[in-house]
Protein chains: 2
Amino acid sequence: MKEHYELIINAFRPLEILEAKHLEFLDFWEEVEHPKGSFLTEAGKIERYFYVVIEGVQAVYILTPNGDKKVIGFSFDGSFSGIYDSFLKESGSHYFLEALTDSRLLRMNKAQYDSLFDRYPEFNEWGRVIHQELLIGRVQREVELITMDAKERFDVFMNRCPKKLMTVPQKYLASYLNMTPETFSRMRKQIGGG
Amino acid sequence: MKEHYELIINAFRPLEILEAKHLEFLDFWEEVEHPKGSFLTEAGKIERYFYVVIEGVQAVYILTPNGDKKVIGFSFDGSFSGIYDSFLKESGSHYFLEALTDSRLLRMNKAQYDSLFDRYPEFNEWGRVIHQELLIGRVQREVELITMDAKERFDVFMNRCPKKLMTVPQKYLASYLNMTPETFSRMRKQIGGG
DNA sequence: TCAATTTCTTGATCCAGATCAATTTTTGCC
DNA sequence: GGCAAAAATTGATCTGGATCAAGAAATTGA
């Protein structure tokens, strides 16, 4: 796992100091591969892992009764991944987590995750801060979904979307922005325009 | 503040044990009143406080460029309140926090909030867990906004909405459900129906 | 390399829910 | 209680973006 210390340490910012005694935690991680199109978790199953992405793009989505995918979020190089509520509560997931490109990830299981906080209570600070940030980001997205029309959502997204995401089929981006691929395509034609 | 110990302790669940040494924390709180219609924070200002509601209902909303209010959430007896991102980052808020009924709240300022974690690192566990729960709740709401039509959102909301919220004008509930008061009224006519 | 499959684009139509307009009902206040 | 202001209802109309349909472009894989 030594080769990925840097990645893990970066992912775990803003936990400023990973002290010597934390190095044990670095060995919790197990490396896994997921080819494009494979599922890390599916609706109905329990999410067993908490991930850090080494490489690749993954999408979390929910399947509506009429069968369309609604993308909730993406993960990619350096970010966390997993179906968080299912993982924490060890209850059935409503979501799919799919590799959109060939992916390599690091993962730890729930027992390891729990022991992290038991053994090193100072990780709770990391947990508190990281969850604050995730929460603020989610509220931000919610506000954008509620207050902006399709064109505005498209523009805002395009201006700050990580390049990495541009490699996935547009229909996933469209879904994330809560619009159809047709609408997404039409918005694309008028970049910068009204 | 003694009279409100119970309230605070309940609000801070799941921090199971407030030990003797934490009793100092109970005295951080200051009681304030906000009459109906008054603002606890306004857009452009910095949120200086973190609140626990003793009594009353408050709404967080954003004002769109065309001037309509979009309600993001409510707080009421026993829950936390405040404009969280502004409070944490000490940066200008985009939101309004308005008392929808005469309200009494307990509040602490940012310095006190920070000192909580400095002095009693074990509060970080509370922080981590409470933010996990808030995050999961937000994602749940986001999924409902994205996947459900107006009638479904109305039904789901009505089935689990705290009675306390039924005392506020319907236009706020309508806005929270991302629909107009007219639509809300029409949904109301067909409770239980198709 | 080239056929099969998937994705993207473009145009035509449709509809849930917004907007506009007019009452009616409720609330608050003296 | 009674009157003004705010909120809720109801009906008529409008529209952003969905849906449907068909073809063009890109990707995949043998």
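Excluded from the calculations below are hydrogen atoms, water molecules and symmetry mates; all remaining heavy atoms, backbone and side chain alike, are included. Bear in mind the structure is a predicted one, so any value in this text is a computation, not a measurement. Residue numbering restarts at 1 for every chain, and letters A, B, ... go by the order of the sequence lines.
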Could you tell me whether the side chains of [X] and [Y] share a donor-acceptor contact shorter than 3.5 Å?
X: B:Q58; Y: B:S103; result: yes
X: A:H34; Y: A:Y51; result: no
X: B:R48; Y: B:N109; result: no

> Please give, in whole Å, the distance from D:dT27 P to A:D102 CG?
Replying inline: 16 Å
> How many Å lie between CG on A:D149 and C1' on D:dT15, as a whole number?
Replying inline: 12 Å
> Reading nucleotides 18-25 of chain D from the 5' end, what letters show protein touch, with B for base, S for backbone sugar-phosphate only, - for no heavy atom under 4.0 Å?
Replying inline: SBB-----
Please output the side-chain donor-acceptor pairs of residues 179-187 of chain B that fall under 3.5 Å, not counting sequence neighbours, one pair per line with the distance.
residue : atom : partner : partner atom : Å
B:T180  : OG1  : B:T183  : N            : 3.2
B:T180  : OG1  : B:T183  : OG1          : 3.1

>> Just N and O in the side chain of B:K189: are any of them under 4.0 Å from OP1 or OP2 of D:dA8?
In response: no
>> For A:R153, give me all partners under salt bridge (Lys or Arg N to Asp or Glu O under 4.0 Å), at least two apart in sequence or on another chain.
In response: none
> Paired with D:dA30: which nucleotide, if any, by Watson-Crick or G-U wobble criteria at under 3.5 Å for both distances?
Replying inline: C:dT1
>> Give the residues of residues 164-175 of chain A touching DNA chain C, defined as any heavy atom closer than 4.0 Å, sorted by residue number.
In response: A:P169, A:Q170, A:K171
> Within 45° of the ring axis of B:F117 and under 6.0 Å from its six-membered ring centre, is that where the NZ or CZ of A:R128 lies?
Replying inline: yes
> Under a criterion of less than 4.0 angstrom to any heavy atom of chain A, what are the 5'-terminal and 3'-terminal contacting nucleotides of DNA chain C?
Replying inline: C:dT7 to C:dA12
> Hey, is B:E144 close enough to A:K70 for a salt bridge, meaning N to O under 4.0 Å?
Replying inline: no
>> Among residues at least two apart in sequence or on other chains, which ones pass side chain to side chain donor-acceptor pair (under 3.5 Å) with B:D68?
In response: B:T64
>> Below 30° counts as parallel, above 60° as perpendicular, anything between as tilted: where do the rings of A:F157 and A:Y176 land?
In response: tilted
>> Return the CD1 to NZ distance between A:I83 and A:K89, rounded to the nearest 0.5 Å.
In response: 12.5 Å
